[in-house]
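Worksheet: the structure to be examined is printed underneath.
Letters go in sequence order (proteins before strands), and every chain restarts at 1.
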Number of protein chains: 4
Amino acid sequence: MSTPPRQRRKEARPAELLAAAFDLFVARGFAATRMEDIAQRAGVSKGTVFLYFESKQALLRAVVEDAVLPHLAAGEAMVEAASGESPEVVLRQLLLCFATALADSRLAGLPKLISAEAGNFPELATYYHDNVVLRIRHLLVSVLERGIAVGVFRACDTTLVGRLAIAPILFECMWQRLPDPCGQEPPLSPEAFIQTHLDLFIRGLLVNPHSPRKAE
Amino acid sequence: MSTPPRQRRKEARPAELLAAAFDLFVARGFAATRMEDIAQRAGVSKGTVFLYFESKQALLRAVVEDAVLPHLAAGEAMVEAASGESPEVVLRQLLLCFATALADSRLAGLPKLISAEAGNFPELATYYHDNVVLRIRHLLVSVLERGIAVGVFRACDTTLVGRLAIAPILFECMWQRLPDPCGQEPPLSPEAFIQTHLDLFIRGLLVNPHSPRKAE
Amino acid sequence: MSTPPRQRRKEARPAELLAAAFDLFVARGFAATRMEDIAQRAGVSKGTVFLYFESKQALLRAVVEDAVLPHLAAGEAMVEAASGESPEVVLRQLLLCFATALADSRLAGLPKLISAEAGNFPELATYYHDNVVLRIRHLLVSVLERGIAVGVFRACDTTLVGRLAIAPILFECMWQRLPDPCGQEPPLSPEAFIQTHLDLFIRGLLVNPHSPRKAE
Amino acid sequence: MSTPPRQRRKEARPAELLAAAFDLFVARGFAATRMEDIAQRAGVSKGTVFLYFESKQALLRAVVEDAVLPHLAAGEAMVEAASGESPEVVLRQLLLCFATALADSRLAGLPKLISAEAGNFPELATYYHDNVVLRIRHLLVSVLERGIAVGVFRACDTTLVGRLAIAPILFECMWQRLPDPCGQEPPLSPEAFIQTHLDLFIRGLLVNPHSPRKAE
DNA sequence: CATGAATGAGGTTTCATTCAT
DNA sequence: GATGAATGAAACCTCATTCAT
């Protein structure tokens with residue numbers, strides 16, 4: 001019964017703990033996740049977690065901030081960069097950018113986590129709403145408004161249509177982690193999904209849909 | 001010393017308990033909800049809950065089944081009834097039906113609950129997937145296939161497009177319970193939301209969009 | 001392995017818990033006493049303590065208040081009652097009253113507990129100081145002042161002499177619980193102790209000591 | 001990046017640690033004092049304490065011994081030196097000596113510490129009893145006996161009266177650390193206190209009190 | 001049936017102690 | 001030697017569940 005070798009890795013620990021906590025919080029929810037599980041997944045012992053985070057709730061806050069912060073600026077930069085393009089192209093790129101960011105990273109679990117814990121931690125919901133939701137909505141609204149002004153997009157309630165634009169992407173994020181019950185279904189390639197959505201959505205939005213185009 | 005209000009008939013108890021449990025499970029999650037809170041919300045004492053449900057987990061199962069069962073047949077009946085109509089009308093009615101059912105009833109919280117607890121209770125996810133998700137997908141797929149066959153809808157991956165059709169509805173269900181952080185924004189009328197979605201989505205799907213139509 | 005029979009005694013529990021907690025807090029100190037030990041001494045299980053007291057610290061507060069409250073009025077009443085007597089007799093009775101109250105009851109441990117925990121719970125020290133220390137000092141000072149005014153007691157700093165009057169009594173309280181290390185010494189009869197103190201102290205205080213009297 | 005102040009000579013470490021530990025043990029009690037607090041107060045890191053003391057309990061033992069040892073011989077030497085004087089003068093000097101030793105040094109906290117921890121560490125109580133209490137009592141008893149033999153002091157239970165002689169001094173030690181709740185009261189000059197005690201106590205003890213003397 | 005006092009397994013958190021650096 | 005990151009036993013406290021009333 002040999003005790004495992006003790007390792008001192010002060011630099012790497014917080015990130016490892018945040019990653020472990022994020023995954024478990026998303027998979028099981030905050031309340032159903034035990035600190036010891038987080039510790040084990042990060043390869044440390046129970047007590048070590050508390051060297052880096054004051055409490056379980058503080059860990060949750062840190063998890064959310066850590067997931068949100070690095071991505072805050074990216075979207076705005078992208079719109080800026082693509083400002084020369086046509087609204088249709090910008091909208092397409094923007095949504096593609098979201099979808100890609102979410103498809104890869106563990107970030108995909110964040111909406112589910114926020115939605116699940118908003119009831120118990122309102123300050124978390126507020127933080128996310130102010131720092132993520134509003135920014136994204138603003139980006140979408142401005143692209144839509146420009147498209148309408150230029151006469152490419154149909155007139156519409158831009159806030160509402162902005163929501164509709166990202167809703168399928170976020171919904172798949174929140175839903176896709178469900179353990180595939182039977183493995184019967186092909187796991188839905190994210191690329192096909194986003195392309196189909198873009199095609200349908202933009203065609204629905206355009207004043208003059210590109211005439212001879214297939215939906216898929 | 002006034003006598004307490006006459007206790008309700010015992011037949012009503014299970015329904016009241018299920019309703020209380022549903023609301024709290026959706027709002028706080030399963031693990032973060034205490035049996036005593038459920039009892040209190042249903043107006044009974046802690047021990048009474050166990051007279052009707054074997055355990056907390058059994059209560060969860062009952063909650064989900066109770067929410068699912070009464071709605072299972074409704075959709076199929078509707079499609080049956082509307083079989084004479086054009087696919088566009090049927091699709092529109094079907095989605096409207098979903099949206100309405102969800103907007104009114106407490107059923108709206110179910111997807112969030114399932115998504116949140118699927119990780120901890122896979123059998124729940126399976127049950128929901130088999131009894132709800134697959135049926136709804138099937139309904140949508142069949143409508144879409146008929147529309148394509150008739151030449152009204154563009155050719156597409158019907159499964160995928162079916163998902164896209166309900167995704168915004170479900171997403172709003174899962175998201176709308178977030179405590180509105182600042183009250184700044186109007187709470188998004190469900191009618192406007194679903195109408196805009198239908199308009200955009202069906203226009204994107206049609207081979208020949210109705211030419212002179214506004215998006216809102 | 002039979003589980004002990006469960007008893008429902010809502011009325012008696014708080015007092016039993018307070019008594020158990022008091023004894024252990026005095027014997028071991030607050031921090032070194034485990035809630036489970038208190039529970040066991042009171043004949044209940046770990047969780048039961050928390051049905052009656054919110055937290056360990058709340059239990060400490062309750063313990064002190066419960067020990068202090070019933071005795072607050074007694075002393076004042078006594079001085080009132082004996083107001084017709086000579087100051088010497090009143091002082092003697094007052095100190096005897098203190099000594100007796102402390103000798104019998106578990107109250108004897110209170111000064112030690114307060115002294116030990118004052119550093120960690122300043123509000124406790126304040127409460128005790130205001131409600132007990134000041135009142136007792138006031139009683140003593142008033143008796144001493146009357147004695148001086150009447151010309152029976154020598155002039156003195158009454159506050160200081162008042163402290164000297166009770167100091168030995170309280171000191172024995174705080175010290176007597178020490179486990180008698182060797183059993184060599186007779187355990188010091190409280191009666192002899194208090195009588196000797198009174199004799200010495202009052203003789204030291206009187207203007208005209210009763211001449212032919214032995215110290216013991 | 002300035003180099004930290006040169007670390008103290010290692011010879012000084014144990015004394016600094018003992019001092020830090022003593023203060024904290026007295027102020028908070030043994031169980032409520034964390035090793036890290038002791039380390040911090042001594043200006044070293046957590047691990048360093050264990051280089052000098054095997055365990056927390058060993059540190060407690062060392063603290064007590066360190067406080068006791070240097071004073072053990074002093075009292076006996078004093079009595080020896082003053083053997084030529086009258087018993088009244090010797091008793092007065094002896095008590096004054098105690099009071100002064102306690103008033104200055106941090107030694108004052110020792111009785112409180114012993115009283116508080118005797119329940120948890122009986123061997124500590126025994127050690128203190130054998131090495132301090134008994135010696136002091138013996139000193140007092142011998143002075144009192146000589147005074148009685150010479151006919152200056154009244155006949156009495158010398159053990160008991162010996163206790164009464166030091167009780168107020170020790171009581172003030174144990175009590176005076178209480179955080180003055182309101183600062184209302186003047187902090188009681190130790191000199192006035194001991195002088196008043198000596199005056200009252202010795203007058204009560206003498207066969208022929210010095211006739212014209214004030215109590216303060 | 002209904003209640004809520006009682007239980008005790010289990011979770012979060014603390015902290016004496018160890019040990020890699 | 002000195003440090004402080006790491007450990008894990010043990011403490012406080014919660015809450016699903018039981019059962020006497």
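Taking only side-chain atoms of D:Arg13, from C-beta outward, the nucleotide of F:dA5, F:dA2, E:dA6 with the closest atom is F:dA2.
At whole-Å resolution of the value, CD in C:Gln7 and P in E:dT7 are 9 Å apart. Going from atom CZ of B:Arg28 over to atom C1' of F:dC15 covers 14 Å, rounded to whole Å. For the pair A:Arg9 CZ and F:dG4 C1', the computed distance is 17 Å after rounding to whole Å. One interatomic measurement links the two molecules: CG of A:Leu24 to P of E:dT12, which rounds to 12 Å at whole-angstrom precision. Rounded to whole angstrom, the span from the CZ atom of C:Arg8 across to the P atom of F:dC19 amounts to 13 Å. The interatomic distance linking D:Ile38 (CD1) with E:dT17 (P) rounds to 11 Å, in whole Å. The nearest whole Å value for the distance from the CD atom in C:Glu11 to the C1' atom in E:dA6 is 15 Å. The CD atom of A:Gln40 sits 12 Å away from the P atom of E:dG11 (whole-angstrom rounding).
The OG1 atom of A:Thr48 sits 13.0 Å away from atom CD1 of A:Ile38, with the distance rounded to the nearest 0.5 Å.
Residue C:Thr48 places no side-chain N or O under 4.0 Å from the OP1 or OP2 atom of E:dA6.
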Distances under 3.5 Å between protein N/O atoms and the N/O atoms of nucleotides 11-13 of chain F, please, pair by pair.
residue	atom	partner	partner atom	Å
F:dC12	OP1	C:Thr33	O	3.4
F:dC12	OP1	C:Lys56	NZ	2.9
F:dC12	OP2	C:Met35	N	3.1
F:dC13	OP2	C:Lys56	N	2.9

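Nearer to the 5' terminus of DNA chain F, by closest-nucleotide assignment, is the contact made by A:Gly43 (compared with the other of A:Gly43 and B:Gly47). Nearest-nucleotide assignment on DNA chain F puts the 5′-proximal partner with A:Val44, out of A:Val44 and C:Leu51.
Using N1 to N3 plus N6-O4 or O6-N4 for Watson-Crick, or N1-O2 and O6-N3 for G-U wobble, each under 3.5 Å, E:dT12 pairs with F:dA11. Pairing of F:dT21, defined by two Watson-Crick or G-U wobble distances under 3.5 Å, is identified with E:dA2.
Using a 4.0 Å heavy-atom cutoff across all strands shown, C:Tyr52 reaches sugar-phosphate atoms only and no base atom.
The closest side-chain heavy-atom distance from C:Asp66 to C:Phe22 is not below 4.5 Å. At a threshold of 4.5 Å between non-hydrogen side-chain atoms, the residues B:Met35 and B:Phe50 count as touching.
Around atom CD of C:Glu54, no more than 12 heavy atoms belonging to other residues, nucleotides or ligands sit under 6.0 Å away.
Taking every heavy atom of both residues into account, A:Phe30 and A:Lys56 meet most closely at O-NZ, 3.0 Å.
Proximity of a side-chain donor or acceptor of A:Lys46 to a complementary backbone N or O of A:Ala39 within less than 3.5 Å is not detected. Using modelled atom types, one side-chain atom of A:Thr33 and one backbone atom of A:Gly29 make a donor-acceptor pair closer than 3.5 Å.
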